[in-house]
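Quick caveat, the model's predicted, so the values are computed rather than measured. First the proteins, then the strands, lettered A, B, ... as listed; each starts at 1.
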2 protein chains.
Amino acid sequence: MPADSDLILPVEERVDENLFRSLSERSKHEDFLRRAVDLLVERVVFGRSTRNSKVVEWTTPEDIKKAIDLKPRDGPVSHDQLLGIMADVARYSVNTAHPYFVNQLFSSVDPYGLIGQWLTDALNPSVYTFEVAPVFTLMEEEVLREMRAIVGWHEGQGDGIFCPGGSIANGYAISCARFYYYPEIKTKGVYAIPRLVLFTSELAHYSTPKLASFMGIGSDNCILVKADKYGRMDVADLEMKINEALDDGATPFMVTATSGTTVFGAFDPLVQLSDLCKKYNMWLHVDAAWGGGALMSKKHRHLLNGIDMADSVTWNPHKLLAAPQQCSTFLTKHKKVLKECHSSNAKYLFQKDKFYDTTYDTGDKHIQCGRRADVLKFWFMWKAKGTEGFEKHIDSLFENANFFLEHIRQRDGFKLVLDKPECTNVMFWYIPTCLRGQENEQGFEERLHKVAPKIKERMIKEGTMMVTYQPQGDLVNFFRIVFQNSALDHKDMVYFANEFERLGKDLVV
Amino acid sequence: MPADSDLILPVEERVDENLFRSLSERSKHEDFLRRAVDLLVERVVFGRSTRNSKVVEWTTPEDIKKAIDLKPRDGPVSHDQLLGIMADVARYSVNTAHPYFVNQLFSSVDPYGLIGQWLTDALNPSVYTFEVAPVFTLMEEEVLREMRAIVGWHEGQGDGIFCPGGSIANGYAISCARFYYYPEIKTKGVYAIPRLVLFTSELAHYSTPKLASFMGIGSDNCILVKADKYGRMDVADLEMKINEALDDGATPFMVTATSGTTVFGAFDPLVQLSDLCKKYNMWLHVDAAWGGGALMSKKHRHLLNGIDMADSVTWNPHKLLAAPQQCSTFLTKHKKVLKECHSSNAKYLFQKDKFYDTTYDTGDKHIQCGRRADVLKFWFMWKAKGTEGFEKHIDSLFENANFFLEHIRQRDGFKLVLDKPECTNVMFWYIPTCLRGQENEQGFEERLHKVAPKIKERMIKEGTMMVTYQPQGDLVNFFRIVFQNSALDHKDMVYFANEFERLGKDLVV
């Protein structure tokens, strides 16, 4: 270790001026930075995370444009104006840190995650070589290794990367799978190999067909498999469709299963899918972007039984583990495939004659060149809480979801979509008084379909909570409340139900 | 506009507790957050941007692992330990904010960019719908519109997106181009269309062949065109290769030109390339990730003459404009192609029965689903400096680069690779005393090849600056200093040259 005294360099010519110098005098910028940080801490972080603030200050696009001068201009604005702009940007932005923002598969602002992210920004790294990002490179390695161990692969087995989102992680899975069977695709392209088809559930995230399209396979060659009424992939239908594809002269090479579907939170049956993939010599990828966090709970990891038999996994710590946006990983059991499939050995970045061990220069595994460090915020949370802290977090989410489920099961006006959802998504219709008792009458479904958008409009305009809705298959618009913030308690669960009643009971459709 | 008093909700049941509650008492976390912010501001931001700090505290991977316990653990660590960890992470990370970090095409930490980034993190958005990210959605629209206007396209023409890096932006270009000519690729894949080939310079960034490979086209179908001695694409060679490809039965569909190559900073001749693309009915993409910033200078934008005739452009504000990592854009002249090519209309996110104008829900243009907001930091810098501030910044970079070039041109021991580079990259060999006067002797080149790695090793171990080196074609290892931080002045230019002399003069190879 170098001694502390080494930190001060002895070269005489250097002067103690800082990088802000050229912009103006240092003190002016220091002053701005301190005032801006105060505003961030007091008004944005602490001021917006309380239950008695609004989730959203609903404003139309036109009115936001009037309130904030969004157009870039020729000349500068003053520091005071900049501080005002910061406050306005915060004011009109949705408060995703709010306990009642339960609208998406991410929410909340974890204090450790936030500090980890702010430290990352202050260090402004790009993670491609050890030379430029030594700590981040090693940190990624350790975190990805630990995540693979939690998935259940043997110590030291496999490889992994951080990705800009789960969609692109699912794209990496397609890329690795097809290269594994047909390495010539790297140089020759899809032209040189048989027509590949992959399979995923009709309820899987849209990224698998979208990435199949981006990657030249075509969305039609991503074949959608039926789901059962709980939202899980139907294994018999999968096998039938594999055989249809074979009869059609296509080459099935991959199944993308889901652990925690977007809407229902369903977990596909991985053990059976793994057996089928072995039988047909196919790659099994598990999109556990949403459900992966459950692996950290002894009580709930059974939901992903069989995941250790997968060839690759997408797991987003920014979802169930509540790391800040964005923190997504792609993990694979295979040691070399990421590197062999994606490397291009650019001599101006991955020089082999460096003085250190260049196997630490891992950037060439990625399709990105410059790349943000998404690891530190998650690693820092992990340090602060320990694995046991994440476990408690997960267990409390499931406990809340169950409490909410049982609460609305017994409450007038609520009708569950799924009797027993598997993850922390709870899906329900809220039925206004005007529709009650008319379940069997003509036009009921069409009227019910209109309820959720109307309640959502009221909800957003009042800013008291944010919960999403959607139709699915034959099911008309229903609400989906998603628990991912362990700062919520039973009182909050009752609050949500009360709010639906308040906003929806007297609705006329 | 809602009145300020609306911000406090009248619902009685809510209590003034915040989201940190469940982790422990609020005060404990508030206290940690404040101490951590102090450390960030004092030690990381202000403490590391001075010239008399080290650029890097070189430490081997093994020693970093000893200094920081990188492995995630079962149990938590204390707040005091966390603060110590933050200091260690900063200490062993490369100081990319340092004025003498001139190693990559990004550097420095702009105070406005940093605050913009920190505000983004505190708001923790995901930019897919107006509902969830109203301000960020409109801000992206305004910034991308303004950037297209600067490129030179007509008011209101075209479309654009923020991307996770220039490599993926170059991938979007391939995706849009092939869809433009063969829309059936979206559903049918590459199988259904002729064998496509695209062209880029042999000195272009590696992302074009890498993404061509990822996207199923195959890297062999990305044909590399010769560059002239200044590093610019040879138009005659391009036309010859287009005709060879046609003779070979392939379908040329795209040229990816570069404005500011990675190593030489060369600008391909866009006017001629545009003529050729019209002649052969090909899409012209310009990778201006590095050089795009020059468009904001009246003095230097001629380097990109003809860019308004391109179909699409990659432009990374995190490079020449010094926004924080990562800020990359893909811009296209065509209004609909991004949406039509990439949309999948997921009903659980892009509901059409929302109460507001859902054309503001722009997430479906992207291959990402959840997506970080990279716009605010850049927009905030733009507000703070104005277009004229960026122009001054760019002009000072070119002025410094020219000063450095002329300084080393006349100085013993330095030999320029390019007599007159076009961008702010300056390339040179440093020739130790032991090699001087031996330019024509056998073995000179091999010995010179070893000089740069040795100087680099000394440089990093002392931590006095960071400058990269690489070979290129027949040219043995040379240094490339990259100016992208306008806080540097002529004194710094002399400092760099002095340092090369100090580190390299007595080297024996």
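The aromatic rings of B/Phe32 and A/Tyr112 lie tilted to each other, with the angle between the two planes from 30° to 60°. A perpendicular orientation is assigned to the rings of B/Phe130 and A/Trp58, their planes being inclined by more than 60° (bins at 30° and 60°).
No donor-acceptor pair under 3.5 Å is formed between the side chain of A/Lys347 and the backbone N or O of B/Gln470. Under the 3.5 Å distance criterion, the side-chain polar atoms of A/Gln368 are matched with a main-chain donor or acceptor of B/Pro164. For A/Thr96 (side chain) and B/Asn124 (main-chain N/O), a donor-acceptor pair under 3.5 Å exists by modelled atom type.
Two residues are said to be in side-chain contact when any heavy atoms from C-beta on lie closer than 4.5 Å; B/Ile168 and A/Ile168 meet this criterion. At a threshold of 4.5 Å between non-hydrogen side-chain atoms, the residues B/Pro76 and A/Glu388 count as touching. Looking at B/Val89 and A/Phe380, their side chains never come closer than 4.5 Å, going by heavy atoms from C-beta outward. Between A/Val94 and B/Leu123, every side-chain heavy-atom pair lies at or beyond the 4.5 Å cut-off. With a 4.5 Å cut-off on side-chain heavy atoms, B/Leu138 and A/Pro61 count as touching.
Of the listed residues (B/Ser175, B/Ala346, B/Ala384), the greatest number of heavy-atom pairs within a distance under 4.5 Å of chain A belongs to B/Ala384. The most heavy-atom pairs under 4.5 Å with chain A, out of B/Ile217, B/Asp353, B/Asp357, B/Val135, come from B/Asp353. Note on B/Arg372, B/Glu141, B/Gln81: by heavy-atom pairs under 4.5 Å with chain A, the leading option is B/Arg372. Top candidate by heavy-atom pairs under 4.5 Å with chain B, chosen from A/Thr387, A/Asp74, A/Thr60, is A/Asp74. Counting heavy-atom pairs under 4.5 Å between each of A/Asn221, A/Val132, A/Asn316 and chain B puts A/Val132 at the top. Most heavy-atom pairs under 4.5 Å with chain A: of the set B/Ala122, B/Gly216, B/Ala192, this distinction falls to B/Gly216. Of the listed residues (A/Pro134, A/Ala36, A/Pro125), the greatest number of heavy-atom pairs within a distance under 4.5 Å of chain B belongs to A/Pro134. When the candidates A/His342, A/Arg34, A/Met466, A/Gln472 are compared by the number of heavy-atom contacts under 4.5 Å with chain B, A/Arg34 comes out ahead. Between chain A and the options B/Glu457, B/Glu142, B/Lys454, heavy-atom pairs under 4.5 Å are most frequent for B/Glu457. Of all the listed residues (A/Lys65, A/His205, A/Lys450), the one sharing the greatest number of non-hydrogen pairs under 4.5 Å with chain B is A/His205. Contact tally against chain B (heavy-atom pairs below 4.5 Å) for A/Trp382, A/Tyr206, A/Trp118: the top residue is A/Trp118. In terms of heavy-atom pairs under 4.5 angstrom with chain A, the leader among B/Gly389, B/Ser93, B/Gly165 is B/Ser93.
Residues satisfying the side chain to side chain donor-acceptor pair (under 3.5 Å) criterion with B/Asp220, sequence neighbours excluded, are A/Lys188. Legend: residues meeting side chain to side chain donor-acceptor pair (under 3.5 Å) with A/Lys71, ordered by chain and number and at least two apart, are B/Glu146.
With a 4.5 angstrom heavy-atom cutoff, A/Leu82 touches chain B via backbone and side-chain atoms both. Of the atoms belonging to B/Glu131, heavy atoms from both backbone and side chain fall under 4.5 Å from chain A. Heavy atoms of B/Ile367 lying under 4.5 Å from chain A belong to its backbone as well as its side chain. The contact between B/Ser344 and chain A is made by backbone and side chain atoms together, counting heavy-atom distances below 4.5 Å. Contact annotation for B/Tyr356: only side-chain heavy atoms (C-beta onward) come within less than 4.5 Å of a heavy atom of chain A. Both the backbone and the side chain of A/Pro324 come within less than 4.5 Å of a heavy atom of chain B. Heavy atoms of B/Ile460 lying under 4.5 Å from chain A belong exclusively to its side chain. Proximity to chain A (any heavy atom under 4.5 Å) is restricted, for B/Phe136, to the side chain, taken from C-beta onward. Within the 4.5 angstrom heavy-atom criterion, only side-chain atoms of B/Val41, from C-beta onward, approach chain A. Contact of B/Trp379 with chain A is made through the side chain alone, with heavy-atom distances under 4.5 Å. With a 4.5 Å cut-off on non-hydrogen atoms, B/Leu349 touches chain A through its side chain but not through its backbone. Contact annotation for B/Leu211: only side-chain heavy atoms (C-beta onward) come within less than 4.5 Å of a heavy atom of chain A. Using a 4.5 Å cut-off between heavy atoms, A/Tyr360 touches chain B through its side chain atoms alone. Using a 4.5 Å cut-off between heavy atoms, B/Asn477 contacts chain A through its side chain alone, with no backbone atom that close. With a 4.5 Å cut-off on non-hydrogen atoms, A/Val77 touches chain B through its backbone and its side chain both. The part of B/Val44 that comes within reach of chain A is its side chain, from C-beta onward, which places non-hydrogen atoms under 4.5 angstrom from that chain. Neither the backbone nor the side chain of B/His318 comes within less than 4.5 Å of any heavy atom in chain A. Heavy-atom distances place no part of A/Ser396 under 4.5 Å from chain B, backbone and side chain included. With a threshold of 4.5 angstrom between heavy atoms, B/Asn103 approaches chain A through side-chain atoms but not through N, CA, C or O.
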| request: Please lay out, stage by stage, how A/Lys354 and B/Tyr469 fare under the test side-chain contact (heavy atoms from CB on, under 4.5 Å). | output: CA-CA 10 Å; A/Lys354 288 177 184 167; B/Tyr469 72 85; 4.0 Å; yes
Review point. Where do A/Val143 and B/Leu70 land on the side-chain contact (heavy atoms from CB on, under 4.5 Å) test, with the steps shown first?
Key: CA-CA 8 Å; A/Val143 167; B/Leu70 290 168; over 6 Å; no
Given side-chain contact (heavy atoms from CB on, under 4.5 Å), test B/Ser126 with A/Gln104 step by step and report yes or no. CA-CA 10 Å; B/Ser126 184; A/Gln104 312 285 150; over 6 Å; no
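Expressed to the nearest 0.5 Å, how far CZ of A/Arg371 lies from OG of B/Ser167 amounts to 11.5 Å. Between A/Met139 atom CE and B/Tyr92 atom OH the span is 13.0 Å, to the nearest 0.5 Å. The distance from atom CD of B/Gln351 to atom NZ of A/Lys456, rounded to the nearest 0.5 Å, is 6.5 Å. Residue B/Tyr348 holds its OH atom at 9.5 Å from CG of A/Leu105, rounded to the nearest 0.5 Å. The structure places OH of B/Tyr191 at 11.0 Å from OH of A/Tyr191, a figure rounded to the nearest 0.5 Å. Taken from NZ in B/Lys383 to CE in A/Met86, the straight-line distance is 15.0 Å, to the nearest 0.5 Å.
When each of A/Pro209, A/Ser219, A/Ser213 is paired with B/Thr187, the side chain to side chain contact (heavy atoms under 4.5 Å, CB included) condition holds for A/Ser219 and for no other.
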